[in-house]
Amino acid sequence: MEIDELPEFLETELTYPIDQPLVIDRIGPIEIEAPDAQETETISTIIGPVGQDTYASADELFTTIIGNVSDEYIGRKFYDDRGGTHGDEGPEPTDETDVSF
């Protein structure tokens, strides 16, 4: 299953609130594909170590799954498209002695 299919699946397949052991019993073997489609992890593998007792909603379960997937599910690590631009602001000072008023 692709990760973008997961929210609807969780909403339709389970009734909430639901205990973690029941989640693992009912949908634990489902494999979630990494974006590169070369790796998969089961829901059981992802949430098993979390130790949360109960999920109040599909959103809470989805957030737990997304927050605990392995690095293969992360895009470019440490990528930030909000990087600084120097445009009208000029170059940033390298130390306090470069500051001019």
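Heavy-atom basis, side chains included; hydrogens, waters and symmetry copies ignored. No experiment lies behind these values; they were computed from the predicted model shown. Just so you know, residue 1 is the first one in the sequence shown, and it goes up from there.
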Item to check | E33 side chain vs I3 backbone, donor-acceptor pair below 3.5 Å | outcome: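 Such a contact is absent between E33 side chain and I3 backbone.
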
What distance separates [X] [atom1] from [Y] [atom2], expressed to the nearest 0.5 Å?
X: L6; Y: I27; atom1: CG; atom2: CD1; value: 7.0 Å
X: I32; Y: I30; atom1: CD1; atom2: CD1; value: 7.5 Å
X: T63; Y: Y55; atom1: OG1; atom2: OH; value: 10.5 Å

Next on the checklist: Could you report the tightest heavy-atom contact between S44 and P49, atom names first, then the distance?
Outcome noted: O-CD, 4.4 Å

Item to check | Distance-minimising heavy-atom pair for R26 and I18 | outcome: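 Here R26 and I18 meet closest at NH1-CD1, 4.5 Å.
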
Next on the checklist: Filter on side-chain hydrogen bond (donor to acceptor under 3.5 Å, both in side chains), then keep only pairs touching residues 8-17, sequence neighbours left out; what's left?
Outcome noted: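 Sorted pair list comes back empty.
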
Checklist entry - Looking at side-chain heavy atoms only, is the closest gap between L10 and I65 below 4.5 Å? => result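 The answer is yes; the side chains approach within 4.5 Å.
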
Checklist entry - Any side-chain heavy atom of I24 sitting closer than 4.5 Å to one from I43? => result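 SC-SC contact between I24 and I43 ruled out.
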
Under the side-chain hydrogen bond (donor to acceptor under 3.5 Å, both in side chains) rule, collect the residues that match up with [X], sequence neighbours excluded.
X: S57; result: none
X: D19; result: T54
X: E60; result: Q52

Next on the checklist: Holding to side-chain contact (heavy atoms from CB on, under 4.5 Å), I want the full list of residues that pass it with N68, two or more places apart in sequence or in another chain.
Outcome noted: I46, V50, T64

